[in-house]
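Take a look at the structure set out below.
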Amino acid sequence: MSRACVTRAKLTVLPNTMARRPKKLRLVTWNINSIRLRLARLADLAVALEPDVICLQETKVADEEFPLREVRATGYRHIAYRGEKAYNGVAILSKIPLAVIPSTPDWCGKGESRHLAVDLDIPGAPVRLHNFYVPAGGDVPDPEANPKFRHKLDFVAEATHWFANGAGSIPRQIIAGDLNIAPLPDDVWSHRQLLDVVSHTPVETEALGRWQATAGGWIDAMRHFVPPPEKLYTWWSYRNRDWRQSDRGRRLDHIWISPDMIGTLKSGEVLKDARDWPLASDHVPVCVELLV
DNA sequence: ATGGTTGCATAGCAA
């Protein structure tokens, strides 16, 4: 009887008074550019970085065709995906149990698969993870002449309003994905030459800055570890004979954490070597480790 | 200025 009482007392007191040992969360975002074509590269990524959670963009597969069995075989039991035939598509692969957030916006009313949000089941309190694939925006940086650029600006503006008006008030959140904007001068191989190139125009970088300023100011996790003026890229075009020699890269893929998580940042890495993998994606994985 | 490469609706798009 007395023993049971002691046990009960411990159980009620422990969570409130003693520090919980933080859980390691190694998170990767990667534009895989067709998950079915690159299933073997996904296995390479699992071995190279041993992520706990992987956010994928451009899976390019309808949900009925999603290679669930093959992805499970890479070691990820908890899988959420939202796709469409041939274009777009996002997925979250996790070793940590997750719950999909069912009611996310239909961005720009287009019914596209560009956002997936989940709550990761972390002891203490959940971590809400958003996986985004922002529209690339086409070639002409003029919203009047190019509807794809208009769509990109509208998408970023909608996301800004969503996080500014409620969604940003939730604690312990992460935004990861291919945001298709290189915000800083040192996020591109030539700031001057890319000022009128879609992905680095002032209208885009300023819009991204307004998004990043929501929720009290999202922290750019990779730039926490690799601050400017060091160059940092996550994408190199296929249209170069030798991507490493020309090195005309851009940092399009990002991991942001809500400001309450600043103390969780442990390390960050861009897996540049993945650009040399056989049948490589034009994007490489970005990895951040947090202690949550 | 143009073209360069890749993936999928395998034919033009989108990136």
Side-chain angles (χ1 to χ4, degrees), chain A residues 29-42 44-45 55-67 70-71 81-91 107-108 110-115 131-143 145-156 176-183 187-190 192-201 203-205 207-208 233-254 271-286:
Chain A
T29 182
W30 186 31
N31 181 319
I32 194 170
N33 189 14
S34 172
I35 189 171
R36 287 179 294 181
L37 191 69
R38 264 178 266 285
L39 276 166
R41 299 294 80 75
L42 187 61
D44 291 345
L45 169 62
C55 293
L56 297 175
Q57 304 86 35
E58 284 206 271
T59 52
K60 295 189 174 179
V61 64
D63 289 347
E64 313 82 70
E65 313 288 331
F66 190 89
E70 294 85 344
V71 170
Y81 48 96
R82 174 174 293 152
E84 59 193 88
K85 189 180 191 175
Y87 295 110
N88 309 320
V90 282
W107 301 100
C108 303
K110 286 181 170 284
E112 295 181 332
S113 303
R114 296 186 176 274
H115 177 214
N131 181 12
F132 275 100
Y133 175 52
V134 171
D139 289 331
V140 179
D142 175 0
N146 173 12
K148 292 200 284 270
F149 195 69
R150 174 82 271 159
H151 178 210
K152 182 180 199 173
L153 297 180
D154 288 348
F155 189 102
V156 172
D178 176 3
L179 306 186
N180 262 318
I181 297 171
D187 291 339
V188 293
W189 63 275
S190 168
R192 186 179 59 81
Q193 287 180 257
L194 272 76
L195 274 171
D196 59 353
V197 172
V198 171
S199 73
H200 194 62
T201 65
V203 67
E204 293 168 87
T205 57
L208 193 71
Y233 314 138
T234 65
W235 173 88
W236 292 260
S237 172
Y238 283 127
R239 305 178 195 182
N240 276 315
R241 187 173 305 173
D242 184 335
W243 70 273
R244 200 184 282 274
Q245 193 273 326
S246 54
D247 199 23
R248 296 186 164 192
R250 306 178 200 171
R251 188 171 73 104
L252 305 179
D253 304 276
H254 302 272
L271 192 62
K272 192 173 175 181
D273 288 351
R275 191 60 182 78
D276 269 335
W277 281 347
L279 198 67
S281 170
D282 45 355
H283 296 252
V284 297
V286 175

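On a predicted model such as this, the values are computed, not experimentally measured, just so you know. Values below: all heavy atoms of this structure, side chains included; hydrogens, waters and symmetry mates excluded.
One interatomic measurement links the two molecules: CG of A:Asn180 to P of B:dA15, which rounds to 8 Å at whole-angstrom precision. One interatomic measurement links the two molecules: CD of A:Gln57 to C1' of B:dA14, which rounds to 17 Å at whole-angstrom precision. Here the P atom of nucleotide B:dA15 and the NE2 atom of A:His151 are 9 Å apart, to the nearest Å. The separation between A:Asp139 atom CG and B:dA1 atom C1' is 14 Å, rounded to whole Å.
By the side-chain hydrogen bond (donor to acceptor under 3.5 Å, both in side chains) test, A:Asp44 is found to be paired with A:Arg41, residues two or more places apart in sequence or in another chain being considered. Every ring pair (Phe, Tyr, Trp, His ring centres under 6.0 Å) that A:Phe66 has, sequence neighbours left out, goes to A:Tyr81. The side-chain hydrogen bond (donor to acceptor under 3.5 Å, both in side chains) test applied to A:Asp178 returns A:Asn31, not counting sequence neighbours. For A:Thr201, the side-chain contact (heavy atoms from CB on, under 4.5 Å) criterion is met by A:Pro141, A:Phe149, A:Val203, A:Glu204, not counting sequence neighbours. For A:Ser237, there are no side-chain hydrogen bond (donor to acceptor under 3.5 Å, both in side chains) partners at least two apart in sequence or on another chain. Taking the salt bridge (charged side-chain N to carboxylate O under 4.0 Å, His left out) definition, one finds that A:Arg114 meets it with A:Glu112, sequence neighbours left out. For A:His115, the ring pair (Phe, Tyr, Trp, His ring centres under 6.0 Å) partners two or more places apart in sequence, or in a different chain, are A:Trp107, A:His130, A:Phe132, A:Trp162.
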List every contact pair, protein side and nucleotides 9-13 of chain B side both N or O, where the distance is under 3.5 Å.
from  : atom 1 : to      : atom 2 : distance (Å)
B:dA9 : N1     : A:Tyr87 : OH     : 3.2

Table of protein N/O atoms under 3.5 Å from nucleotides 3-6 of chain B N/O atoms:
from  : atom 1 : to       : atom 2 : distance (Å)
B:dG4 : O6     : A:Arg239 : NH1    : 3.0
B:dG4 : N1     : A:Arg239 : NH1    : 3.1
B:dT5 : O4'    : A:Tyr238 : O      : 3.2
B:dT5 : N3     : A:Arg239 : NE     : 3.4

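When the C1' atom is used for both B:dG4 and B:dA15, the distance is 13 Å, rounded to whole Å. A gap of 22 Å separates the P atoms of B:dT10 and B:dT5, to the nearest Å. Nucleotides B:dT6 and B:dT2 place their P atoms 23 Å apart, quoted to the nearest Å. Rounded to whole Å, the separation between the P atoms of B:dC8 and B:dG3 comes to 25 Å.
Checking side-chain atoms of A:Asn180 against main-chain N and O of A:Val134 turns up a donor-acceptor pair under 3.5 Å.
Annotation: A:Asp247, atom CG; neighbour count of heavy atoms from other residues, nucleotides and ligands within 6.0 Å is above 12.
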